[in-house]
Number of protein chains: 2
Amino acid sequence: MNNELQKNAKVFKALCDPNRLAILELLRGGEKCACVLLEQLDLKQSGLSYHMKILCESGIVASRQDGKWTYYHLSLDGRDKAVELLKQLTTP
Amino acid sequence: MNNELQKNAKVFKALCDPNRLAILELLRGGEKCACVLLEQLDLKQSGLSYHMKILCESGIVASRQDGKWTYYHLSLDGRDKAVELLKQLTTP
DNA sequence: ACCTCACATCAAAAATTTTTGATATAATTA
DNA sequence: TAATTATATCAAAAATTTTTGATGTGAGGT
């Protein structure tokens, strides 16, 4: 399968799981620590970690380390890139 | 799982498969008959049908019947809705 | 140094999606 | 009307994704 397509698909894959959309919704309210996300979602710790990795790799979410904690937030830059890609892919 | 999120996920699910992105790429060149798509892609007839259904249900692609043939094209309207949704979901 | 906490990674199980081949349907042509 | 063509649907197999529980890692705290 075409590599470019695989790479593009990755961005949208981040957006097509209900748990990940729920995470984005929480992050819209501002930066959150993994432990806070964990208690708001119906996910195990390893499950949250799995989803956060996908979101971060897509560029839509960015993370920041502070001592023991990891804080996640929406990336404006990632958003812009995703929007551009979406437009590019779907504009006749 | 939250129903609204499920519904939103549907639009992006359409975009997270390489075969479907390849289909969108072909449709960017203009409306195409299923039979034309079929010969350009590495898909069986039933497989193409499966993917076209997902793309149409997402609103990003629209179809038109002409006798025996089905023609598919990108929907500007669907695109705009998807872009708006993406912005909404990812804007802090 | 040892213990605990926050999170990441791993491998196996469970769930979901995609592919495949067979069959159905609807429009067209002979 | 029978045969053919284009596409849809179905069910089972194959592939991929997600969940789960166990274990690893690195930063503090004691």
Side-chain angles (χ1 to χ4, degrees), chain A residues 1-3 5-27 30-73, chain B residues 1-3 5-27 30-73:
Chain A
M1 209 55 51
N2 187 320
N3 201 289
L5 296 180
Q6 290 278 16
K7 224 174 68 187
N8 289 342
K10 205 170 182 182
V11 183
F12 298 112
K13 232 165 218 168
L15 296 162
C16 71
D17 176 83
N19 277 318
R20 289 194 288 271
L21 291 183
I23 292 167
L24 293 183
E25 211 161 72
L26 289 171
L27 293 182
E31 187 178 62
K32 299 240 172 353
C33 175
C35 54
V36 171
L37 295 173
L38 194 53
E39 63 189 22
Q40 311 248 13
L41 297 160
D42 187 22
L43 279 174
K44 303 289 172 66
Q45 184 269 320
S46 59
L48 177 64
S49 197
Y50 167 75
H51 288 298
M52 294 321 290
K53 188 174 185 181
I54 290 175
L55 284 169
C56 287
E57 283 178 350
S58 81
I60 289 170
V61 168
S63 71
R64 174 175 74 80
Q65 209 68 27
D66 183 3
K68 287 197 286 191
W69 293 275
T70 309
Y71 290 92
Y72 296 99
H73 56 95
Chain B
M1 211 53 53
N2 187 321
N3 201 287
L5 296 180
Q6 290 279 15
K7 227 175 66 188
N8 290 342
K10 208 171 182 181
V11 184
F12 298 112
K13 233 167 216 169
L15 295 163
C16 70
D17 176 83
N19 277 316
R20 289 195 288 273
L21 291 185
I23 292 167
L24 293 183
E25 212 161 73
L26 289 171
L27 293 182
E31 187 178 64
K32 300 239 173 353
C33 174
C35 54
V36 170
L37 295 174
L38 193 52
E39 63 189 22
Q40 312 249 14
L41 297 160
D42 186 24
L43 279 174
K44 302 291 173 62
Q45 183 270 320
S46 58
L48 177 64
S49 197
Y50 167 74
H51 288 298
M52 295 321 291
K53 188 174 185 182
I54 290 176
L55 284 168
C56 287
E57 283 178 349
S58 81
I60 289 170
V61 168
S63 71
R64 174 175 73 79
Q65 208 68 28
D66 183 3
K68 289 196 283 191
W69 294 273
T70 309
Y71 290 92
Y72 295 98
H73 56 95

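Everything quoted here is computed from the prediction, not taken from an experiment. Below, chain A is the first sequence line, B the second, and so on; all start at residue 1.
- Regarding A:Leu21, its CG atom lies at a distance of 11 Å from the P atom of D:dT18, rounded to whole Å.
- Among all heavy-atom pairs drawn from A:Tyr72 and A:Leu37, the shortest one is CD1-CD1, 4.1 Å.
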With sugar-phosphate taken as primed atoms, P, OP1 and OP2 and all else as base, the protein-contact string of nucleotides 22-30 of chain C at under 4.0 Å (heavy atoms; B, S, -) is B----BS--
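- The two residues A:Leu43 and A:Leu38 come nearest to each other via the heavy atoms O-CD1, 3.4 Å.
- Put simply, the side chain of B:Glu31 reaches to within 4.5 Å of the side chain of B:Arg64, judged on heavy atoms.
- Between B:Lys44 atom NZ and D:dT7 atom P the separation is 17 Å, expressed in whole Å.
- Using a 4.5 Å cut-off on side-chain heavy atoms (C-beta onward), B:Gln45 and B:Ser49 make contact.
- In this structure, B:Gln65 places its CD atom 8 Å from P of D:dT7, rounding to the nearest Å.
- Contact record, B:Thr70 with B:Ser63: CG2-CB, 4.0 Å, taken as the closest heavy-atom pair.
- Nearest heavy-atom pair, A:Ala22 versus A:Leu41, reported as atom, atom and distance to 0.1 Å: CB-CD2, 3.7 Å.
- Using a 4.5 Å heavy-atom threshold, the side chains of B:Ile23 and B:Leu48 count as touching.
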Go ahead and write out DNA chain D as dot-bracket, 5' to 3': ( ) for pairs within the strand, [ ] for ones crossing earlier pairs, | when the partner sits on another strand, dots for unpaired; Watson-Crick or G-U wobble, both distances under 3.5 Å. ||||||||||||||||||||||||||||||
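- Note: CG (A:Asp17) to P (D:dT17) measures 12 Å, nearest angstrom.
- What separates OH of B:Tyr71 from C1' of D:dA6 is a distance of 11 Å, to the nearest Å.
- In this structure, B:Tyr72 reaches the sugar-phosphate backbone alone: every heavy-atom distance under 4.0 Å involves primed, P, OP1 or OP2 atoms, never a base.
- When heavy atoms are screened at a 4.0 angstrom cut-off, A:Ser49 is found touching base atoms of the nucleic acid.
- In this structure, B:Trp69 and B:Cys33 approach most closely via the heavy-atom pair CD1-SG, 3.2 Å.
- Looking at heavy atoms from C-beta onward, B:Leu55 lies out of side-chain contact with B:Leu15 at the 4.5 angstrom threshold.
- In this structure, B:Leu27 and B:Met52 approach most closely via the heavy-atom pair CD1-CE, 4.5 Å.
- Heavy atoms of other residues, nucleotides or ligands lying less than 6.0 angstrom from NZ of A:Lys10 number 12 at most.
- Residues of residues 50-61 of chain A having a heavy atom closer than 4.0 Å to DNA chain C, listed by number: A:Lys53.
- Rounded to a whole Å, the NZ atom of B:Lys32 is 18 Å from the P atom of D:dA6.
- Spacing between atom NZ of B:Lys13 and atom C1' of C:dT16 amounts to 8 Å, rounded to whole angstrom units.
- Rounding to whole angstrom units, CG of residue A:Leu48 and P of D:dT18 are separated by 14 Å.
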